[in-house]
Amino acid sequence: MRLSSTSIRLQRTTLMPCSYLPGRSASNLVVAQSQPLSPAVYGRLLELGFRRSGDHVYRPDCMQCRQCIPIRLPVTGLH
């Protein structure tokens with residue numbers, strides 16, 4: 001994957017049981033970064049459907065399934 005002049009290395013996880021759909025297998029694309037991502041690159045990854053959990057930036061990427069659809073909801077003020 002190329003993001004302007006930034007090169008991002010991705011790694012695919014091994015198959016694991018899907019946590020969303022029973023009886024299916026899943027895998028993720030994980031950003032393999034040795035240095036922190038810039039806000040611009042991180043924002044572009046989010047636009048491309050990547051998620052973050054702790055230090056891990058990943059996107060579901062299952063070969064025979066496209067049921068996981070990432071969405072972003074704008075939040076205006078928390079009450």
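In terms of heavy atoms, Gly49 sits closest to Arg59 at O-CG, 3.5 Å. Considering all non-hydrogen atoms of both residues, Ser25 and Cys62 come closest at O-SG, 4.1 Å.
Partners of Gln64 under the side chain to side chain contact (heavy atoms under 4.5 Å, CB included) rule, at least two apart in sequence or in another chain, do not exist in this structure. Residues satisfying the side-chain hydrogen bond (donor to acceptor under 3.5 Å, both in side chains) test with Gln67, not counting sequence neighbours, are none. The side chain to side chain contact (heavy atoms under 4.5 Å, CB included) check on Val30 picks up Thr13, Asn28, Tyr58, with sequence neighbours excluded. Legend: residues meeting salt bridge (Lys or Arg N to Asp or Glu O under 4.0 Å) with Arg51, ordered by chain and number and at least two apart, are absent.
Considering only heavy atoms from C-beta on, Leu37 comes within 4.5 Å of Ile8 through its side chain.
Hydrophobic cluster of Tyr20: the remaining members, joined at side-chain heavy-atom separations below 4.5 Å, are Leu21, listed by chain and number.
At distances below 3.5 Å, at least one donor-acceptor pair connects side-chain atoms of Ser38 with backbone N or O atoms of Val41. With Arg52 contributing its side chain and Gly54 its backbone, the two residues share a donor-acceptor pair below 3.5 Å.
The salt bridge (Lys or Arg N to Asp or Glu O under 4.0 Å) pairs that include a residue from residues 14-29 number zero, where partners must be two or more places apart or lie in different chains.
Environment of CE in Met63: sparse, with no more than 12 heavy atoms of neighbouring residues, nucleotides or ligands closer than 6.0 Å.
How far CG of Leu29 is from OG of Ser27: 7.0 Å, rounded to the nearest 0.5 Å.
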